[in-house]
Amino acid sequence: MATAVAPVRSAEGPPSAADVVVIGGGIVGVSAAFFLARKGISVVLCEKGVIAGEQSSRNWGWCRMTLRDPAEIPLVGESLRLWRDMDRLAGADTGFRTTGIMYLCGRPDDEARYEAWLVHARQHQLESRMLSAAEVARLLPEGVREWPGALYTAGDGGAEPGRAAPAIAEAAARQGAIIVTGCAVRGVETEAGRVAAVVTERGRIACSSVLLAGGIWSSLFCASLGLRLPQLKVLGSVLRTNPLPGGPEVSAAGPGFGFRKREDGGYTLSQADATIADIVPDSFRYLAEFLPTVKAEWGSLRFRLGRRFIEEWRLPRHWALDGASPFEAVPVMDPLPSRTVLDEAMRNIAAAYPIFRGATIAERWGGLIDVMPDAIPVISGVERLPGFHVATGFSGHGFGIGPGAGRLAADLVTGEASALELAPFAFSRFTGTAPSPIS
Ligand SMILES: Cc1cc2nc3c(=O)[nH]c(=O)nc-3n(C[C@H](O)[C@H](O)[C@H](O)COP(=O)(O)OP(=O)(O)OC[C@H]3O[C@@H](n4cnc5c(N)ncnc54)[C@H](O)[C@@H]3O)c2cc1C
């Protein structure tokens with residue numbers, strides 16, 4: 001079942017021309033549209049379903065610096081600054097609150113892993129630190145288990161996923177962006193080798209720049225243009241409880257559970273290390289790039305072979321732009337959550353924090369996460385197709401980084417982003433890998 005998303009008013013249809021077309025109305029696309037419109041650029045955002053219908057409303061709502069890849073730390077820092085200021089900047093109500101995020105030391109190698117990451121944190125003068133057992137007990141009281149310590153960042157926080165991207169989309173519209181929902185982009189037309197237009201299910205939009213912020217659909221969109229983007233999908237499962245008075249304020253992850261207190265007083269609950277990876281044709285297509293990650297993450301992935309293999313096998317990778325594309329066939333991807341993963345999460349949290357024994361479940365949902373081989377997004381132009389830009393592959397942490405990534409993508413499109421800022425996120429970083437026999 002899909003989780004609730006605030007509705008966003010759509011324009012009646014797309015205009016015939018704009019400077020920039022943003023494909024995808026998740027947190028990254030709406031943030032990019034907002035920052036483009038603030039620059040006075042004419043921008044249209046096309047969303048095949050509803051704003052934030054996919055990952056951007058289905059996530060835990062964590063906005064964290066903790067345990068981020070060192071290459072992303074400057075961008076996450078900027079993003080957290082934007083989150084804190086977004087309600088004022090955009091006149092939006094995103095529900096962002098600074099709550100602190102804590103990773104409990106629950107497994108034998110956790111402390112060493114967290115200490116290793118703190119080396120990077122110190123280089124960037126982050127406030128993240130290890131907590132003692134007593135400090136953990138103070139911040140997370142009423143547990144039955146004593147944790148030896150935790151990695152903690154007081155400045156991390158969370159926003160309300162059901163309303164943050166919709167609020168930013170409304171703010172973008174107030175700045176002049178045209179937001180069109182129920183409008184899949186089928187593909188791109190070129191003239192003299194560069195972007196000239198996009199073709200949507202509701203007509204053509206002439207434009208000189210495109211930003212693909214298409215989440216889990218980005219690899220297929222790129223394939224239709226003859227561009228190889230090694231990206232896979234994994235399933236996250238989440239539940240929310242009804243309001244639970246007296247529960248912890250801090251967000252935390254421990255062995256077999258992770259939670260955030262919501263504004264409504266309930267908890268968003270899941271497991272950090274229990275994603276399901278369906279085996280699909282892309283698993284083989286991108287095997288070479290993903291093999292090192294699969295080996296490193298072996299313990300936290302649950303593989304599954306089922307009907308998704310057949311569904312994706314049947315998907316075309318090229319189509320004529322005057323007929324339906326695979327994008328309009330699925331306006332909102334709404335996968336079933338794993339009951340097993342959620343039942344385990346509920347059992348684990350209730351065993352560690354008995355207050356959760358009284359929690360009642362209001363809703364369960366699933367969400368497909370777009371992952372890259374190095375778990376770092378692509379925010380980049382594409383050398384082979386001038387005017388085409390990509391912001392995707394946020395690998396399970398794009399909600400927190402979304403406003404900063406949207407700002408960077410807007411600067412990329414207008415040529416204002418510095419090479420240094422963009423360097424870690426280049427599209428070209430995967431082009432050296434040998435393609436698999438499945439094209
Ligand atoms: C269960 C779960 C838990 C997560 N927890 C967290 C968390 O706590 N913190 C965090 O930072 N991140 C988290 N994430 C990851 C985060 O939600 C994503 O990284 C982020 O939302 C990605 O935003 P996006 O805008 O790139 O993509 P999306 O939100 O997926 O949006 C892409 C949009 O593009 C549209 N689209 C695609 N193709 C087309 C087309 N051809 N035409 C028109 N529209 C198109 C889609 O319909 C979709 O709405 C989680 C994700 C999941 C699923």
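Counting convention: from 1, in listed order, for ligands and their atoms alike. From a predicted model like this one, the values you see are computed outputs, not experimental measurements. Index from 1, following the sequence.
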>> Any nitrogen or oxygen of A391, side chain or backbone, less than 3.5 Å from one on ligand 1?
In response: no
> Where the closest heavy atom to atom 17 (O) of ligand 1 is concerned, which of R186, Q55, M333 has it?
Replying inline: Q55
> What atoms of ligand 1 come within less than 4.0 Å of a heavy atom belonging to G61?
Replying inline: 8 (O)
> Do the ring centers of F430 and Y286 come within less than 6.0 Å of each other?
Replying inline: no
> Where is the nearest protein heavy atom to atom 49 (O) of ligand 1: which residue, which atom, and how far?
Replying inline: E47 OE1, 2.7 Å
>> For H120 and L126: C-alpha separation, side-chain torsions, deciding distance, then whether side-chain contact (heavy atoms from CB on, under 4.5 Å) applies.
In response: CA-CA 9 Å; H120 303 292; L126 304 184; over 6 Å; no
> For atom 39 (C) of ligand 1, which protein heavy atom lies nearest, and how many Å away is it?
Replying inline: I23 CG2, 3.8 Å
> Of all the atoms in ligand 1, which lie at a distance below 4.0 Å from a heavy atom belonging to A184?
Replying inline: 42 (N), 43 (C)
> Applying a 4.0 Å heavy-atom criterion (strictly less than), which segment of W62 is in contact with ligand 1: side chain, backbone, both, or neither?
Replying inline: both
> Which ring pair (Phe, Tyr, Trp, His ring centres under 6.0 Å) pairs, counting each pair once, include a residue from residues 42-71, with sequence neighbours left out?
Replying inline: W60-W62, W62-Y103
>> If the cut-off is 4.0 Å to any non-hydrogen atom of C46, which atoms of ligand 1 fall inside it?
In response: 43 (C), 44 (N)
> Is there a heavy atom of C183 sitting under 4.0 angstrom from any atom of ligand 1?
Replying inline: yes
>> To the nearest 0.5 Å, what is the distance between CD1 on I205 and OG on S16?
In response: 9.0 Å
> Atoms of ligand 1 less than 4.0 Å from G367 heavy atoms?
Replying inline: 53 (C)
>> The test is salt bridge (Lys or Arg N to Asp or Glu O under 4.0 Å); show your working for R317 and E312 and say whether it passes.
In response: CA-CA 10 Å; R317 292 174 72 73; E312 295 208 8; over 6 Å; no
> R364 pairs by side-chain contact (heavy atoms from CB on, under 4.5 Å) with which of V341, L269, L336, L239?
Replying inline: L239
>> Which residue and atom name correspond to the protein heavy atom nearest atom 4 (C) of ligand 1, and how close is it?
In response: N59 CB, 3.1 Å
>> Looking only at protein heavy atoms, which one is nearest to atom 41 (N) of ligand 1, and what is the separation?
In response: V185 O, 3.0 Å
>> Distance under 4.0 Å to a non-hydrogen atom of F394: what atoms of ligand 1 satisfy this?
In response: 19 (O), 26 (O)
> So, E263 and R163, do they make that salt bridge, N to O below 4.0 Å?
Replying inline: yes
>> Using a 4.0 Å heavy-atom cut-off, which part of F399 comes near ligand 1: side chain, backbone, both, or neither?
In response: both
>> Please determine whether the number of non-hydrogen atoms from other residues, nucleotides or ligands lying under 6.0 Å from atom CD of Q123 exceeds 12.
In response: yes
> Relative to the heavy atoms of V238, which atoms of ligand 1 are at a distance of less than 4.0 Å?
Replying inline: 1 (C)
>> For L408 and F425: C-alpha separation, side-chain torsions, deciding distance, then whether side-chain contact (heavy atoms from CB on, under 4.5 Å) applies.
In response: CA-CA 11 Å; L408 182 60; F425 310 120; 4.1 Å; yes
> For ligand 1, which atoms have a heavy atom of R58 less than 4.0 angstrom away?
Replying inline: 1 (C), 2 (C)
>> Quiz question: by atom type and distance under 3.5 Å, do the side chains of H397 and R64 form a donor-acceptor pair?
In response: no
>> So, applying salt bridge (charged side-chain N to carboxylate O under 4.0 Å, His left out) with E328, which one of K48, R186, R202 is it?
In response: R186
>> Tell me the closest heavy-atom pair linking E47 and P331, and the distance in Å.
In response: OE2-O, 4.3 Å
> Where on A213 is there a heavy atom closer than 4.0 Å to ligand 1, on the side chain, on the backbone, on both, or on neither?
Replying inline: backbone
>> Checking contacts here: is it the side chain or the backbone of S325 that comes within 4.0 Å of ligand 1, counting heavy atoms only? Could be both or neither.
In response: neither
> Nearest protein heavy-atom contact for atom 31 (O) of ligand 1: which residue, which atom, what distance?
Replying inline: G26 CA, 3.4 Å
> Which is closest to atom 23 (O) of ligand 1 in terms of heavy atoms, S56, S31, G398?
Replying inline: S56
>> Taking only non-hydrogen atoms of I369, do any sit less than 4.0 angstrom from ligand 1?
In response: yes
> K48 heavy atoms, cut-off 4.0 Å: which ligand 1 atoms fall inside?
Replying inline: 36 (N), 37 (C), 43 (C), 44 (N), 45 (C), 46 (C), 47 (O)
>> Checking A11 now: which residues fulfil side-chain contact (heavy atoms from CB on, under 4.5 Å) with it, not counting sequence neighbours?
In response: I178, V180
> Is there a nitrogen or oxygen of S395 sitting under 3.5 Å from a nitrogen or oxygen of ligand 1?
Replying inline: no
